[in-house]
Every structure is written in structure tokens, then in C-alpha cells.
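Report on the structure given below.
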There are 2 protein chains.
Amino acid sequence: MQTSLGAEDALADDLEPAALRAADTVVRELEIEIASGRLADGEHLPAERELMSRFGISRTVVREAIARLASQGLVESRPRFRPVVRRPGYDTALSAVGGVVAHLLREPGGVKTLYDVRIFLEAALVRNAALHARKDDIAALREAIEANRLAIDDSERFYATDVAFHAVFYRIPRNPVFPAVHIGFTEWLSDHWRRMPRSPERNRVNFSMHKAIYDAVVERDPDAAEKALQSHLHAAWEYVRGTFETA
Amino acid sequence: MQTSLGAEDALADDLEPAALRAADTVVRELEIEIASGRLADGEHLPAERELMSRFGISRTVVREAIARLASQGLVESRPRFRPVVRRPGYDTALSAVGGVVAHLLREPGGVKTLYDVRIFLEAALVRNAALHARKDDIAALREAIEANRLAIDDSERFYATDVAFHAVFYRIPRNPVFPAVHIGFTEWLSDHWRRMPRSPERNRVNFSMHKAIYDAVVERDPDAAEKALQSHLHAAWEYVRGTFETA
DNA sequence: ACGATTTTTTTGGTCATACCAAAATTGAAA
DNA sequence: TTTCAATTTTGGTATGACCAAAAAAATCGT
């Protein structure tokens, strides 16, 4: 039932069928300038008062436009500073969902849901590694696991090398999406990880599991690698669950 | 009142890295009300003028807060309408990245990068299906592929049933993240898909590949299923690439 | 001259007020 | 009860102003 509008068109410009805010124009324009590189990465956005004169709009609209660009990760806007232009990467895409994910994790079963996705993905990644890892990939794995071994007595450092070891698998497909996803996983789940009590004994267990995964990859055995990865992550989950789980 | 802060403000903030906008308070408050359900899903947000009196802030700040909630998917804000509260799901999380992804896809190799991720994930999904699909999962697959077969002569309907067939695999792990990801893939890549010329002959080829995947799953052969899926998606890629690719 | 310090200008953050047009609501008419 | 026009809300935008912090310019001490 479309309203029988009609008359009353003395006003000028409303040719678009869709409703649009004035800020849309500015956003699109600036998007283009950023994508084309006329506004280079790292450079900062023109002053609000300049933009309002350039586009012939009020500061209200300028600020809304900037806010939208910020929400899309195209500019980085710290409170009192000039917004900085940021050409988006797959990592910024992930950080854009950070807020929503934080909410989802608070819901019952949210953490487990996300963790299951991690297990699923990482299982596929280690399988992929066992099948397609190149010599330099294997070398990176060896370095990572060696660093992990050397950090067994330093739980803080062990955590870092642990993350780094897993990160190698995300890099092997050489697709920028995977490392970004890994960053997301570690950020979103870091709260749960950090609350887990750590100890050299525990580290030793985890290291041996890493070693098992590594060995399987070296031997080009995808099934063994996948199995090792799954039992590793499942065991870790049971450990944290038994440690401090409440709900 | 903005006013210069009195001396009694000593208890205030900024021992932390600090820098907070006035909108932050409102955002956090409303986030809580939405998460707790006091602002139910589907309901619409209080009027801006009411929020400004409730929080004692200007409309400027209220609008910015709402804009932020909208960018996080917690409210849905169409141009001239009252913002509608939306309890976030894994699908809203994905739609939040839509904007950034759109930019990334425009960059050279962007589509291929995302498509490779899809192949990788979906290969793992069909493998998972072959290993763990339950009877009802198999039934769902059979229905989906049958619908696909019946639509061979109707390219429009074939596309829909094609998507639906693939969607089944994303549901089998029974983890809400995967269906959301699938929606993301189909949305982001739909442009490329729609430009691909379709024909009953082409549909027949695709159907046979679907059938091959289905058969492998039924026979509980993960390797065959994965192989079939990969060759299916790779073939599809080559087809679109050979059809209209330029850069 | 030059780096450090103080002063000035710029700029983002917020507030207040006002107006318009479209949406939502109300109420009268059929 | 339904329909549709009149009225009230409400979101979108514009102005103009002020503050405090950042950035830039000017000044100073050695």
C-alpha cells in the first residue's frame, strides 16, 4: 500500500527512491578517497570544520559520517585526536565484530560454541599442514615448538609461545583470513585462558601434546595430526572447565 | 550541564589509559538493558528526547550512542524510524563485518581469498558430514539434493536449491556459527555468482557434482567427499573466472 | 642555533535551540 | 469497524557557542 504521495514536490532534490541520510554522501565520498589512496593510510582525516564547508553540510552530519567510517574501521578515532585513516585489512574486519562477540560470549554456552569452532577449524588446519606444509613451514613449526619447550618453566612465556605455535598453522594456507581469525580467537577467549592456573607440570603436558601434533605433521599423517590436535584442545577445555567453571 | 568540572570531581576517572566519551556511559547502560532483556528484542528504543533527559545529556550524545549501538548490531536503525532493539546473534556479528568485507573484496585477489576460505571450510564440513552425519542429516541432504535435481531446468530455482544444499553441511555440526558464516559467504559472493551465465546444461554439471558429494557422504567416505567438494568448487571458480574475469 | 618551554591557534567533544518532514497517534467521519 | 484526515511525536539537520585538549607557533634559556 504505497502512500499516494504526489504533489508537494516544490522542494528540490529527492530523486532517490531509498531513504538516505545526508551523511551517506559524505561516507561514500570519503570511502572512495580512502580506497583510491588519495587519503593515504596513516594520514589523518581533514578537520571537521573543513569537511563541513567542503560538503556544505553541518558539523552534525560530518561527525556522524566520521563515526560511521570509524565503525567500519576505515578510520581510527581516539577521543580527542584527529581521526587516522586506516585502509581495512582482514584483521580490522574481525575487530569490527569484537563487540558483538563479547555479548555472545556472555550468553550461556557462548564460549563453548566459539571454542568448538576453533577446534573444528584448527583440526582442519593441522590436517592441511600435514598434507601441504612446505619445508619452510616445517621449519617454522620446529622453531615454534622449540621456543615452546624452552619456556616450560616460565608460564607467562609459555602462554605466548603456545599461542605462537598454534599461529603457525593459521599461516600455512597463506590466506590472510586465517591469521586474522586466529587473532580473533585468542582475543575473545583470552579471558578464559588467563584465568586458568598454570604450572610447569601443566605446561609440560601441553608441550607434549604440541609435540605430538608436530610429529604427526612431520610424518605427513593428517589423521594423526588431527587427532592429536583435537585431543589437545579438548583436554585443555576439560581442564579449564574443571578448574573454574560455574555455569 | 557541561560546565567546568568542580573541585569535587577528584574521585572521577582517568587513572586508566582513559579518554572516554560521554556516549560511552549511555552505550554501556543500554547494552546492559538489551542483554538483560529489559529492552526486549523487537521492541524499539526510547525516544531520543527521553534518553537525553534520563541520562542528562544532550541529544548529540544520545544520537552518537545510538549510532554506536547500531554499528554493533544491537539496534537496527532505518533512516526515519525508531531504532529497533536487536539481541545479537551470530548472524548479526557477520553482518557487522559486511561493510569491511565489501571493501576487501574490491581489492585485487580479494574474492579469490575469500573463496579459498570457503573451499577450505566447506571441505572440512563435508568431511565432517561423512564422518558424523546422523540419519536426519542424511535425510536433509537427500531432500536438498532432490530439490536441486528437480530445479535443473529452472536456473533461478536451481541457484536457490544449490545454496540450500550447501547450507545443509553448515548445519550438521549444530553450531550456530557455521550457518552464519554460510550466510556471509553467499551474501558477499552473490554478486559474482549472479553474473555467471546459467543454463540447464551447466546446472546438470553442478548437480552431478552435488550428487557425488552426497554419495560420498552416504558411503561415509570423508576423503572422497572432500575431494568431490573441492573439485566442485574449484570447477565453479574456473567457470566464473573464464566467463567474465578481467583482473 | 637549538632544544625546551610557554603562548596561541586549531580542533574535537558537548550543549542548547530551532525547524522540517516523515512517522506514529489520535480522532472524526463513513 | 473501517477509513482517512488532523495532530502530535520523533528523527534528521542546521546554527552557534563554549570548553579542554591537542597541535602549532612563538618565546626563552643556555
Side-chain angles (χ1 to χ4, degrees), chain A residues 1-30 39 42-71 75-85, chain B residues 1-7 9-10 12-27 30 39 42-71 75-85:
Chain A
M1 49 223 50
Q2 45 269 64
T3 55
S4 64
L5 39 80
E8 296 310 315
D9 42 12
L11 299 177
D13 40 46
D14 187 276
L15 309 166
E16 313 290 356
L20 76 167
R21 299 177 174 76
D24 291 352
T25 313
V26 184
V27 170
R28 209 177 321 132
E29 197 72 34
L30 292 179
L39 283 175
E43 193 175 334
H44 45 213
L45 225 51
E48 297 182 353
R49 287 168 174 82
E50 186 188 323
L51 289 175
M52 64 186 277
S53 77
R54 189 205 298 184
F55 290 97
I57 55 180
S58 71
R59 200 139 83 89
T60 311
V61 178
V62 171
R63 288 181 60 70
E64 181 180 333
I66 293 177
R68 288 231 231 126
L69 291 174
S71 81
V75 308
E76 202 174 293
S77 150
R78 287 165 42 229
R80 280 238 161 225
F81 293 74
R82 290 279 285 281
V84 176
V85 174
Chain B
M1 303 72 197
Q2 86 184 59
T3 67
S4 50
L5 331 148
D9 255 80
D13 37 59
D14 92 22
L15 304 164
E16 294 290 77
L20 77 169
R21 299 179 179 74
D24 290 352
T25 313
V26 185
V27 170
L30 291 178
L39 283 175
E43 193 176 334
H44 44 213
L45 224 52
E48 295 181 354
R49 288 169 175 83
E50 186 187 322
L51 289 175
M52 64 186 277
S53 76
R54 190 208 294 186
F55 290 97
I57 56 180
S58 72
R59 200 139 85 88
T60 310
V61 178
V62 171
R63 296 192 105 267
E64 180 180 334
I66 293 178
R68 289 233 231 125
L69 291 174
S71 81
V75 307
E76 202 173 293
S77 151
R78 285 156 52 221
R80 280 240 161 224
F81 293 75
R82 290 279 286 281
V84 176
V85 174

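Residue numbers start from 1 in every chain, and the chains themselves are labelled A, B, ... in the order their sequence lines are given, proteins ahead of strands.
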Can you tell me how far [atom2] of [N] sits from [atom1] of [X], to the nearest Å?
X: B:E64; N: D:dT13; atom1: CD; atom2: P; value: 15 Å
X: B:R80; N: C:dT25; atom1: CZ; atom2: C1'; value: 17 Å
X: B:F55; N: C:dG13; atom1: CZ; atom2: C1'; value: 19 Å
X: A:R59; N: C:dT10; atom1: CZ; atom2: C1'; value: 11 Å
X: A:R78; N: D:dA22; atom1: CZ; atom2: P; value: 9 Å
X: B:R63; N: C:dT17; atom1: CZ; atom2: P; value: 18 Å
X: B:E50; N: D:dT8; atom1: CD; atom2: P; value: 20 Å
X: B:I57; N: D:dC19; atom1: CD1; atom2: P; value: 21 Å

### Query
Any idea which heavy atoms bring B:A70 and B:S77 closest together, and the distance?
CB-CB, 4.2 Å
### Message
Given A:E48, which partner from the list A:R82, A:R59, A:R54 fulfils the salt bridge (Lys or Arg N to Asp or Glu O under 4.0 Å) test?
### Response
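Option passing the salt bridge (Lys or Arg N to Asp or Glu O under 4.0 Å) with A:E48: A:R59.
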### Query
Where do B:V27 and B:E64 land on the side-chain contact (heavy atoms from CB on, under 4.5 Å) test, with the steps shown first?
CA-CA 9 Å; B:V27 170; B:E64 180 180 334; over 6 Å; no
### Message
Is B:R82 close enough to D:dG11 that one of its side-chain N or O atoms is under 4.0 Å from OP1 or OP2 there?
### Response
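So the side-chain polar atoms of B:R82 do come within 4.0 Å of the phosphate oxygens OP1 or OP2 of D:dG11, strictly under.
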### Query
Closer than 4.0 Å, any side-chain N/O of A:R49 to the OP1 or OP2 of C:dT10?
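So the side chain of A:R49 is outside the cut-off, no N or O lying under 4.0 Å from OP1 or OP2 of C:dT10.
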### Query
Closest nucleotide of DNA chain D for A:G56 versus for B:E48: which of these residues is on the 5' side?
B:E48
### Task
Kindly point out which of C:dA23, D:dG11, C:dG12 is positioned nearest to the side chain of B:A47?
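The answer is D:dG11, which lies nearest to the side chain.
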### Task
Assign each of A:S77 and A:T60 to its nearest nucleotide of DNA chain C by heavy atoms, then name whichever residue's nucleotide is nearer the 5' end.
A:S77
### Query
In this structure, which one of B:T60, B:V62, B:V61, B:V26 forms a side-chain contact (heavy atoms from CB on, under 4.5 Å) with B:M52?
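So the option named by the test is B:V62.
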